[in-house]
Amino acid sequence: MSETTETPNYKKSLNLPKTTFPMKANLVQNEPASLKRWGTLGEKKGLYHAMTETSAGRERFVFHDGPPYANGSIHLGHLMNKCLKDFVVRSKFMNGFDCPYVPGWDCHGLPIEHRVMTDLVESGKAAKLDGLSDDNRRMAVRRECKAYADKQIKLQRGQMERLLTVADYEDPYLTFEPRYEAGVLEVLAGLCEQGLVYKALKPVHWSVANETALADAELEYQDREDLSVYVDFEARDADAVYDAFGLEGDARPTATPSFMIWTTTPWTLPANLAIAVHEKFTYAMVRIDGNYTVLAQELIEGVTKLAKSEDVEVLATTTGDRLVGLGYVHAFRDAPPTPSGDPDADTSTCYTVVSADYVTLEDGTGLVHTAPGHGADDYQTGLKNGLPVYCPVRGDGTYDETVPEWLAGMSIWDANQKVADLLTESGHMFHAHTFMHSYPHDWRSKTPVIFRCTEQWFVGVDRETKRDGRSLRELALKATGEDRSVQYVPSWGRNRMRGMLESRPDWCISRQRSWGLPIPAFTLPDGGAFMTSASVLAVTEVIRAKGSDAWFTEDPATLLAHYDPTSDPDAPGVLKDGSVSFEQLTKGQDILDVWFESGSSWNAVMRQRSEGKDFPVQLYLEGSDQHRGWFQLSLLPSLGVMGRPAFRTLLTHGFMVDKDGKKLSKSSGASLKDLFERYGADVLRWWVSSLAYENDVKVDEEFFKNSGESYRKIRNTLRFMLSNLNDFDAPESLDFSGFHVHSIDAWVLGEYNTMRDAVVGAFEKYAFHEAHKLLYKFCNTTLSAEYLSAVKDRLYCDAPDSERRRNTQKTLWFLTDALCKLLAPVLCHTADEAYRALRGADPKDGSVCVHLTGFPERVKLESATGWPKVMELLEGVAKTIENARTERGIDNPLDLGVKLPDPEGMLKWFDRVDLADLLGVSRVEVGGDSVEVLDLREEPRCDRSWKRDGTVKRRADGGMLSDRDALAVGTV
RNA sequence: GGGCCUGUAGCUCAGUUGGUUAGAGCGCACCGCUGAUAACGGUGAGGUCGACAGUUCGAGUCUGUCCAGGCCCA
């Protein structure tokens, strides 16, 4: 006790770590301050602007941001998507590229219009709108939609900036802007020029009450009582049917057999054109109460029980594929209808049995009534089999003149019973009953909807382009296939994309809505459609100047002011010869599919803003659902118009799922806003960088906690390094060539070189997960556990200006600086905070900013080739020491020394103090045959460094000191 | 039902062309330090690699079937 009071207190003579860089990050408060400070950069235009200026003239790396839909707060999906994009842009910038990032929003479309309409209906304003003219009503809706979208964009933009993403938020692309709309119409014109755009009939959900097409989101399902009918259609050729069942001789009945179909919409029977069967199902020829009929074997019992049939006998069975091609006679029509506008059309495939995969055995008869004009499946089947798209129902729900006279003009709802009665009278009705089922209704009028064919615009994927005769499908398969002009990350994206391209149908690009970009098509007085490449370009000029509202507010003559039919080879003859004037044209009512708008962004944003230079762009990056969405729907227009893909690389990420791997429900999990407030953006970004994003990503509150812990490790490492640079000014040069290659500093710089190359390489291949791990390991193991714990002694105890200490500080300064730069793309707040602390930047001086620098270079110093071997040796020795400590009960490793054998003479090159510090022991001796752990407890201990290095003795100031420490405190 | 993908320690992930006893981090347990301290360092225990078959001298790795999950279609 008395000894401790007599010896000098050396603690004050140590160079202990000291820093203002706080241990607690306080991200939630401090990140907004960083944002504000970055805002002062680039002549107050902000960080993005400053980065653009810095990188001007460098090689360009063009990333193109896909537009999120402007609706609602950003969520966990956006978190991953936007962070990954930010990592790309920031790492490319740090790696020496000029990397523009124009963010965008998808602003048109049904979700917004639907939302706005709901509000209008609830507030009672919708009724007032109904009194307005068509154009005026649509303009009113469009104004409301625009205001709503503006609000959403502002909200999302703020949240994305809070995520610390850097992009040109001052000048984003918005799909409702006139310049963007013009860019989309240019693409439409280009496709018209290639002969790919056409108009055709397609069934859609149709509200009879409002006489309008409806989207899925505008349907609500309600119970409804309908008539369920089982109808026999007589075979055209009885023998052919019996042949299919293998019924020969006496077994073959003399009566004509029928095909029994089932439907709950008898009103569509006049439009019946085919019967669909499944090729693999088993069908039976059954005698039911004296009649011969075909139905699926599995359903015989159900159907006959329902009808209370008494005499049921199966004569034979066959498979569906044997029935395909057989003809039948319609129950109440003499001949197939001739499709409108084409009296010479081939109707030979009508009234035959066709094959379809969607036929099920769940209900009905296994033979499906097919009316291509009244059902989506039926339509596809019709296309495959060359059936006309026949729809005898008018917009108001009444039949036109093409149906039998007794139905013409009748409402389809009345027709249900009428058709059933007639079928019963004529003996075709096997059974009829009423039943309840869930049926789609119009969300506004609450009335049942029907499927009805309407004229729609399409982009044909199998039509020959005028350029070289190759179709979009051919071009797309070539571009995604052997041609290899598109790279995929991960590589299976290629297969997925190809699978979809092989089977996709023509693209229906028209919608019957208000909130969107009008398709600039006109109707001629004779009812024909008029839209050519030149006419679209002419209207484009008006829309570029006045926006798409002009379509609703201007008349056809004004819209076509720039159009000259006499110089347009595709113009209709009546316009060319002047027999029809522009005033006689009617404007089309359709708008473009929003996917067409976003799918044209390569032109409307990238080409437009770079005068055509940024095409194709280097990278598109979105969730894997966009293989079918934005990726494919950008690919097709760019192939059509430009003849090549809009992108060189497609990078996809997976989806967020819950901790059990299940789909994330809307209500589950914390909102992103809560996560910001609890963890701060850097922790969330750190988490995103750790993800194997190509797969599904599990997300749970706990993961953010873990990420926060992991973040703190990085932060503490930076803090410890900063705190040991307290008395060190920025080095004049970062030349380490004077360093001894066997020094511990050279070792860590060698480790740095390896890590640095690996991290930069990982960023280059978008392997952020890999960069994350490398950086974490370097901070945690290489620095914290190895280098820093070894150099603590010299940092604390050496004389402040000793060369050894200053060399280590120079190394530390360099490593801290380098780490900040390597971490900057991910931990953008913390990296900048540490970078500024390293330089002692004034809090108000934003000009000191890591984000305007670049990735650090390799150090031009090769550490001694013996280091890996030495480190391996030391690792083994550390185990031996650990064992010796437990065996001999020595708690403090500084009470130990080690004697190392050196048979190869390798150790003589290395500093024994370095080796001792790496092992955490007081001294290392070389010699002997095996590793020997020395108990030094009997040797004197330095009061200052606590080491027993063999030089410790009583000094003039009265303390027990080693030579080094005596020198440091200036005693002898 | 179809296309693409995933399934390795409690959790998050590595595992090259099939080849010793399947690795890392987190978490956990224990220990040390108290001059990085709401920090730091060390040691250790955890796995029949989704299941079942097959190919092979040898399979986490190749093939098939099945189970569970995701995205996109139908």
Side-chain angles (χ1 to χ4, degrees), chain A residues 9-19 21-24 77 278 280 356-360 376-377 380 488 490-505 622-629 631-632 652-664 687 690-700 702-703 705-710 712-713 715-724 767 769-770 772-774 776-777 780-781 783-786 788-790 792-793 795-797 875 878-879 881-883 885-886 889-895 919-920 944-946:
Chain A
N9 180 356
Y10 291 114
K11 188 162 175 175
K12 281 180 190 149
S13 76
L14 295 171
N15 320 299
L16 289 181
K18 191 177 157 195
T19 179
F21 187 86
M23 186 179 282
K24 191 163 159 36
H278 196 294
K280 299 219 170 107
D357 290 341
Y358 53 80
V359 175
T360 71
D377 285 341
Q380 291 300 334
Y488 294 82
S491 56
W492 48 256
R494 183 185 305 276
N495 289 341
R496 182 160 185 188
M497 193 85 166
R498 281 179 71 78
M500 289 170 176
L501 288 164
E502 276 163 7
S503 61
R504 74 149 299 135
E622 305 295 338
S624 62
D625 56 334
Q626 300 303 336
H627 280 114
R628 173 159 284 265
F631 293 161
Q632 191 187 144
T652 49
H653 58 76
F655 276 71
M656 296 281 184
V657 293
D658 69 16
K659 66 180 191 322
D660 300 318
K662 300 276 174 64
K663 191 194 189 88
L664 213 55
W687 175 70
S690 76
L691 302 172
Y693 60 76
E694 62 271 24
N695 298 329
D696 291 330
V697 171
K698 289 185 184 175
V699 56
D700 190 67
E702 183 149 345
F703 301 168
K705 277 184 198 146
N706 292 343
S707 183
E709 287 296 313
S710 157
R712 278 165 58 195
K713 291 265 202 181
R715 186 178 179 85
N716 263 317
T717 304
L718 288 170
R719 177 173 182 268
F720 185 59
M721 292 200 289
L722 287 167
S723 68
N724 280 295
H769 174 68
E770 219 171 292
H772 173 106
K773 265 165 72 170
L774 287 161
Y776 183 77
K777 187 173 174 234
N780 227 20
T781 306
L783 291 178
S784 196
E786 296 175 341
L788 294 175
S789 76
K792 265 202 256 187
D793 172 75
L795 287 167
Y796 295 177
C797 304
E875 202 178 326
K879 289 242 160 72
I881 294 173
E882 186 66 26
N883 292 339
R885 280 175 62 194
T886 26
I890 302 171
D891 286 339
N892 192 336
L894 284 178
D895 289 340
L919 288 169
R944 188 163 175 273
S945 67
W946 304 332

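Here is how names work: the chains are called A, B, and so on, in the same order as the sequence lines, proteins then strands, and each is numbered from 1.
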Parsed dot-bracket for RNA chain B after applying the Watson-Crick and G-U rules with both distances under 3.5 Å and | for other-strand partners is (((((((..((((.....[...)))).(((((.......))))).....(((((..]....)))))))))))).
Problem set entry | Options B/A39, B/G32, B/U43, nucleotide nearest the side-chain atoms of A/N716 |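 Given the options B/A39, B/G32, B/U43, the side chain of A/N716 is closest to B/A39.
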**Asked** A/M23 side chain: which of B/C4, B/G42, B/A38 is closest?
**Response**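 So the side chain of A/M23 is nearest to B/A38.
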Spacing of the [atom1] atoms in [M] and [N] (rounded, Å):
N	M	atom1	value
B/G46	B/C52	C1'	26 Å
B/G54	B/C11	C1'	34 Å
B/C26	B/G19	P	28 Å
B/A59	B/A53	P	13 Å
B/C72	B/U63	P	27 Å
B/G60	B/G23	P	13 Å
B/G10	B/A45	P	15 Å
B/G25	B/A14	P	16 Å

Can you check B/G46 for me, syn or anti if syn means within 90° of 0?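 The base of B/G46 is oriented syn (glycosidic angle within 90° of 0).
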Any A/H653 side-chain heavy atom under 4.5 Å of A/V697 side chain: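 No, every pair of side-chain atoms sits at 4.5 Å or beyond.
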key: Residue whose closest nucleotide on RNA chain B lies nearer the 5' end, A/R885 versus A/N780   =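 Closer to the 5' end of RNA chain B: A/R885.
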### Query
On RNA chain B, nearest-nucleotide positions of A/G493 versus A/N9: which is more 5'?
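First, find each residue's nearest nucleotide; the 5'-ward one identifies A/G493.
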What is the distance, rounded to the nearest whole Å, between atom [atom1] of [X] and atom [atom2] of [N]?
X	N	atom1	atom2	answer
A/N724	B/C40	CG	C1'	13 Å
A/D658	B/C71	CG	C1'	15 Å
A/F703	B/G27	CZ	C1'	12 Å
A/K879	B/G32	NZ	C1'	17 Å
A/D891	B/G32	CG	P	6 Å
A/Q380	B/G2	CD	P	19 Å
A/Y488	B/C5	OH	P	13 Å

Checklist entry - Using 4.0 Å as the upper bound for N to carboxylate O, is an ion pair formed by A/E770 and A/K773? => result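 Between A/E770 and A/K773 there is no salt bridge, as every charged N stays at least 4.0 Å from the carboxylate O atoms.
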Short N/O separations, protein against nucleotides 72-74 of chain B, under 3.5 angstrom:
| unit_1 | atom_1 | unit_2 | atom_2 | d |
| --- | --- | --- | --- | --- |
| B/C72 | O4' | A/R496 | NH2 | 2.9 |
| B/C72 | O2' | A/R628 | NE | 3.1 |

Could you verify whether a donor N or O on one side chain and an acceptor N or O on the other, from A/T19 and A/R719, lie under 3.5 Å apart?
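Their side chains do not contain a donor-acceptor pair, so the 3.5 Å distance test is not met.
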Indicate whether OP1 or OP2 belonging to [N] is found under 4.0 Å from a side-chain N or O atom of [X].
X	N	result
A/R719	B/A38	no
A/Y10	B/G35	no
A/K792	B/A36	yes
A/S784	B/G41	yes

Mutual orientation of the aromatic rings belonging to A/H627 and A/F631 [parallel < 30°, tilted 30-60°, perpendicular > 60°]
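Perpendicular, since the angle between the ring planes exceeds 60°.
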What are the atom names and distances for every N/O pair under 3.5 Å that joins the protein to nucleotides 13-15 of chain B?
| unit_1 | atom_1 | unit_2 | atom_2 | d |
| --- | --- | --- | --- | --- |
| B/C13 | O2' | A/H769 | NE2 | 2.9 |
| B/C13 | O2' | A/K773 | NZ | 3.4 |

Can you see which heavy atom on A/D658 is nearest to which on A/K698, and at what distance?
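In this case the closest contact between A/D658 and A/K698 is O-CG, 3.6 Å.
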**Asked** Would A/Y776 pass as stacked on B/A24, i.e. its ring centre under 5.5 Å from the base's six-membered ring centre and planes under 30° apart?
**Response**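 Here the ring of A/Y776 and the base of B/A24 are not stacked, as the 5.5 Å and 30° limits are not both satisfied.
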Look at all strands and tell whether A/K11 reaches a base, only sugar-phosphate, or nothing, counting heavy atoms closer than 4.0 Å.
->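 Base contact.
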Within the distance-only criterion (no hydrogens, no angle test), does the side chain of A/R944 pair as donor or acceptor with the backbone N or O of A/C797 below 3.5 angstrom?
->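 The answer is yes, because a donor-acceptor pair under 3.5 Å joins these two groups.
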